[in-house]
Amino acid sequence: SISELIEGDEGRILAESHKNLGLMNEYQGSLLQSIQDLEAYFKLCQKHGQSWHTDHGENIMDDACEQLRRVYSSYASSIQNKDPLTSIEYLQRAYDVIKLSSHTDKQAEACYMLGVAYREANEYKTALRQFKSCHEKAKHNKDEEGIIRACEAVSVTYEMMGELLRAAEYQKKILEASQRAGIDTAYTQACTALGGIYNSLGLYEESVTYFERSTQDSFAMFGESNVQFGVANAHHQMDLFLDNVLDYSVQTDLGIASFKDEHTGQIETTEDGVSTEGEG
């Protein structure tokens, strides 16, 4: 082509033409054609473009990785319901290609999306690996919102697996991150989640503690939290009541037996059925 004949170009114009075609096809909804164009853009950048930069100063290889990640992800989302396995395949491609770039935030995003897809396919252990990797990347980036999202995903997955104590562990990580970042809503939601988890475990005192924090920290969520707080508190009070009833019943039975022993023969019944104390 003409662009390949330009001295010193090394195919950059050709690469950028593939990118522009890819973006146009994506805009028109032709995602598979867009993928082909952006894969060609990526390959040319990978071969020649280590020293190329965009108009904004970004390394062009980073741009090629991000463009391909994005269109892979879009295509995966478009076929998720009808072909979940192929969707996962494209999300894996998205993750693999973005790992070649310096975009650590996009790496975390690709990892998270892959985790969601595996969880929806009921592959919980694989999903957990992806979510935990996302968590580590968010910590590396010092992205508190990313940490909260990843921890929420891990917690929900553990809860779906029936591992409630591990789910609680990651909700507590959300409390820490939300306090560091000053994100009150996330803190309140984590308190509510912890209250529900401990309520399910029968740990009603802990449940009440977290529901109290939730109701105190956010008026906006007061209604939901207050109802759940009432349920947990009722369970807690029932435990206390049953303990007291059991203790009281034993003591009462002993007291009645003792009273009967001491007063046997001292109670007489008259002809009209009225009980009186004997005289001797």
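- With no hydrogens or angles considered, no side-chain donor-acceptor pair links Glu16 and Asn20 at under 3.5 Å.
- Among the candidates Asp63, Leu68, Asp37, the single residue satisfying the side-chain contact (heavy atoms from CB on, under 4.5 Å) test with Lys19 is Asp63.
- Under the 4.5 Å side-chain criterion, counting only non-hydrogen atoms from C-beta, Val97 is not in contact with Arg93.
- Residue Leu21 is not grouped with residue Leu14 when hydrophobic side chains (ILVMFWY) are merged at heavy-atom distances under 4.5 angstrom, including chains of intermediate members.
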Query - Check against side-chain contact (heavy atoms from CB on, under 4.5 Å), Ile147 and Arg180 - result: CA-CA 11 Å; Ile147 290 171; Arg180 288 194 300 267; 4.1 Å; yes
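- As a member of the Ile/Leu/Val/Met/Phe/Trp/Tyr network built from side-chain separations under 4.5 Å, Ile148 groups with Ile174, Ile183.
- By the salt bridge (Lys or Arg N to Asp or Glu O under 4.0 Å) test, Glu145 pairs with no residue at all, sequence neighbours left out.
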Query - Verdict with supporting geometry, Leu31 and Glu26, side-chain contact (heavy atoms from CB on, under 4.5 Å) - result: CA-CA 5 Å; Leu31 292 178; Glu26 181 186 14; 4.0 Å; yes
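- How far CD of Glu176 is from OG of Ser178: 9.0 Å, rounded to the nearest 0.5 Å.
- In the hydrophobic clustering of this structure, Tyr118 does not group with Leu85; members are Ile, Leu, Val, Met, Phe, Trp, Tyr whose side-chain heavy atoms approach within less than 4.5 Å, directly or through other members.
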Requested in this report: Kindly determine whether Gln33 and Gln28 satisfy side chain to side chain donor-acceptor pair (under 3.5 Å), including the steps that lead there.
Outcome: CA-CA 10 Å; Gln33 184 59 54; Gln28 292 177 346; over 6 Å; no
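- Using modelled atom types, one side-chain atom of Thr215 and one backbone atom of Phe211 make a donor-acceptor pair closer than 3.5 Å.
- One finds a salt bridge joining Arg69 and Glu66 here, because a Lys/Arg side-chain nitrogen approaches an Asp/Glu carboxylate oxygen to under 4.0 Å.
- In terms of modelled atom types and a separation under 3.5 Å, the side chain of Ser74 and the main chain of Arg70 share a donor-acceptor contact.
- Checking side-chain atoms of Ser34 against main-chain N and O of Ser30 turns up no donor-acceptor pair under 3.5 Å.
- Contact between Asp62 and Glu58 at its shortest, heavy atoms only, is CB-OE2, 3.6 Å.
- Residue Ile98 is not grouped with residue Phe42 when hydrophobic side chains (ILVMFWY) are merged at heavy-atom distances under 4.5 angstrom, including chains of intermediate members.
- None of Ile197, Leu128, Leu165 except one satisfies the side-chain contact (heavy atoms from CB on, under 4.5 Å) rule with Tyr158; the exception is Leu128.
- Not a single donor-acceptor pair under 3.5 Å links the side chain of Asn199 to the backbone N or O of Gly195.
- Rounding to the nearest 0.5 Å places CG of Asp105 at 6.5 Å from CG of Asn141.
- Across all non-hydrogen atoms, the minimal contact from Ser77 to Met113 is OG-CE, 4.2 Å.
- Among all heavy-atom pairs drawn from Ile88 and Leu114, the shortest one is O-CD1, 3.8 Å.
- Screening residues 80-109 for ring pair (Phe, Tyr, Trp, His ring centres under 6.0 Å), with sequence neighbours left out, gives Tyr72-Tyr90, Tyr75-Tyr90.
- Evaluation of the side-chain hydrogen bond (donor to acceptor under 3.5 Å, both in side chains) rule for Asn122 yields Tyr124 as partners, not counting sequence neighbours.
- Hydrophobic clustering of Ile, Leu, Val, Met, Phe, Trp and Tyr side chains at less than 4.5 Å, counting indirect connections, unites Val154 with Val156.
- Listed by chain and residue number, Lys139 satisfy the side-chain hydrogen bond (donor to acceptor under 3.5 Å, both in side chains) test with Glu136 (two or more places apart in sequence, or in another chain).
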Report task. Evaluate the criterion salt bridge (charged side-chain N to carboxylate O under 4.0 Å, His left out) for residue pair Arg129 and Glu123; output intermediate values, then yes/no. Result -> CA-CA 10 Å; Arg129 285 198 297 271; Glu123 297 187 33; over 6 Å; no
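- Follow the hydrophobic side-chain contacts under 4.5 Å out from Leu32 and you reach Leu38 in the same cluster.
- Counting heavy atoms from C-beta on, the side chains of Ser200 and Leu164 come closer than 4.5 Å.
- Here Lys82 contributes atom NZ and Ser87 contributes atom OG; the two are 11.0 Å apart, rounded to the nearest 0.5 Å.
- Inter-residue side-chain proximity for Arg166 and Met161 is flagged as unmet; no heavy-atom pair is nearer than 4.5 Å.
- When every heavy atom of Cys111 is checked against every heavy atom of Cys134, the shortest pair comes out as SG-N, 3.8 Å.
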Query raised in the report: Step by step, would you call Asn59 with Ser102 a side-chain contact (heavy atoms from CB on, under 4.5 Å)?
Result: CA-CA 9 Å; Asn59 183 285; Ser102 61; over 6 Å; no
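- Under a 3.5 Å cut-off, the side chain of Thr192 and the backbone N or O of Thr188 do form a donor-acceptor pair.
- Between Gln189 and Glu152, the side chains place no donor N or O within less than 3.5 Å of an acceptor N or O (distance only, hydrogens not considered).
- For Tyr170, there are no side-chain hydrogen bond (donor to acceptor under 3.5 Å, both in side chains) partners two or more places apart in sequence or in a different chain.
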Query raised in the report: Please walk me through it: do Lys137 and Lys106 pass side-chain contact (heavy atoms from CB on, under 4.5 Å)?
Result: CA-CA 10 Å; Lys137 294 179 188 301; Lys106 299 300 183 180; over 6 Å; no
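- The shortest distance between side-chain heavy atoms of Phe131 and Arg119 falls below 4.5 Å.
- At a threshold of 4.0 Å, the pair Lys43-Glu39 does not count as salt-bridged, since none of the basic side-chain nitrogens sits closer than that to a carboxylate oxygen.
- Considering all non-hydrogen atoms of both residues, Tyr112 and Ala153 come closest at CE1-CB, 3.8 Å.
- Across all their heavy atoms, Cys65 and Leu100 have their closest contact at SG-CB, 4.0 Å.
- Two rings, from Tyr198 and Tyr204, have their centers 6.0 Å or more apart.
- Judged by distance alone, the side chain of Gln107 and the main-chain N or O of Ser101 form a donor-acceptor pair under 3.5 Å.
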